[in-house]
Amino acid sequence: MPQAEIQPESTGATPLPSTIESDDPLLNLVLSSLDDDQAQELVTIDLDGKSSIADFMVIASGRSTRQVASMAQKLGERLKENGFGNPRIEGLPAADWVLVDAGSVVVHLFRPEVRTFYNLERMWGFDGPSGAA
């Protein structure tokens with residue numbers, strides 16, 4: 001069964017990745033696409049019991065606004081090509097923080113500084129090995 005990795009923000013210590021076992025093809029496509037595009041610090045949060053907006057939230061960083069925008073656009077194309085419809089993409093002009101709403105999976109792509117400022121992992125109660133939350 002495919003597994004979605006949860007990797008916390010880097011704290012200097014070697015993190016021990018947790019996993020969410022998932023047979024969700026949408027989540028697996030999202031994670032595969034972001035991995036192919038060299039997303040950094042990929043975190044998957046299971047929203048079951050926390051929100052009705054989606055089943056999973058994926059948070060990742062890109063090294064620059066150009067990479068963040070490219071990851072979002074490619075993810076949108078891959079979702080459409082694989083029959084998941086046209087996702088709603090917000091934030092492309094500035095590409096500091098881009099939201100890709102793919103239905104049951106919501107993806108947040110950030111530049112590292114912006115991600116640190118908003119700290120969504122903490123807001124959503126992600127309690128990974130780094131102790132965030």
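Because only heavy atoms are used, hydrogens play no part in the values below, and waters and symmetry mates are left out as well, while side chains stay in.
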Do any N or O atoms from the side chain of Asn28 and from the backbone of Asp24 form a donor-acceptor pair under 3.5 angstrom? yes
Are side-chain heavy atoms of Asp101 and Pro87 found at a separation under 4.5 Å? no
- prompt: Is it true that Val43 and Tyr118 fall in one hydrophobic cluster, defined by side-chain heavy atoms closer than 4.5 Å?
  reply: yes
Decide yes or no for Glu121 and Asn119: does some side-chain heavy atom of the first lie under 4.5 Å from some side-chain heavy atom of the second? yes
Separation between CG (Asn86) and CD (Glu77), nearest 0.5 Å, reads 10.5 Å
Side-chain atoms of residues 88-98: list all donor-acceptor pairs with protein atoms under 3.5 Å, sequence neighbours left out, distances to 0.1 Å.
from  : atom 1 : to     : atom 2 : distance (Å)
Arg88 : NE     : Glu90  : OE2    : 2.7
Arg88 : NH2    : Glu90  : OE2    : 3.1
Asp96 : OD1    : Arg111 : NE     : 2.6
Asp96 : OD1    : Arg111 : NH2    : 3.2
Trp97 : NE1    : His108 : ND1    : 3.0

What donor-acceptor contacts under 3.5 angstrom involve side-chain atoms of residues 54-65, with partners at least two apart or in another chain?
from  : atom 1 : to     : atom 2 : distance (Å)
Ser61 : OG     : Arg115 : NH1    : 2.9
Ser64 : OG     : Arg66  : N      : 3.4
Ser64 : OG     : Gln67  : N      : 3.2

| said: Are Val100 and Leu34 linked, directly or through intermediate hydrophobic residues, by side-chain heavy-atom contacts shorter than 4.5 Å (ILVMFWY only)? | reply: yes
message: Are the side chains of Ile45 and Leu120 in contact, using a 4.5 Å heavy-atom criterion?
response: no
In this structure, OG of Ser104 is separated from CD1 of Ile53 (nearest 0.5 Å) by 11.5 Å
- Between Asp37 and Leu75, is any pair of side-chain heavy atoms under 4.5 Å apart? no
Separation between CD (Glu81) and CG (Leu29), nearest 0.5 Å, reads 9.5 Å
Count I, L, V, M, F, W, Y as connected when their side-chain heavy atoms are under 4.5 Å apart, and connections chain through other members. Are Val68 and Leu42 then in the same cluster? yes
*Check the hydrophobic clustering (I, L, V, M, F, W, Y; side-chain heavy atoms under 4.5 Å; chains of links allowed) and say if Leu99 and Met71 are grouped together.*
no
Checklist entry - When you measure from the side chain of Ser51 to the backbone N and O of Leu47, does any donor-acceptor pair fall under 3.5 Å? => result no
Could you go through Leu26 and Leu79, starting from their C-alpha distance and side-chain angles, then the distance that decides it, and tell me whether this counts as side-chain contact (heavy atoms from CB on, under 4.5 Å)?
CA-CA 8 Å; Leu26 176 57; Leu79 290 168; 3.3 Å; yes
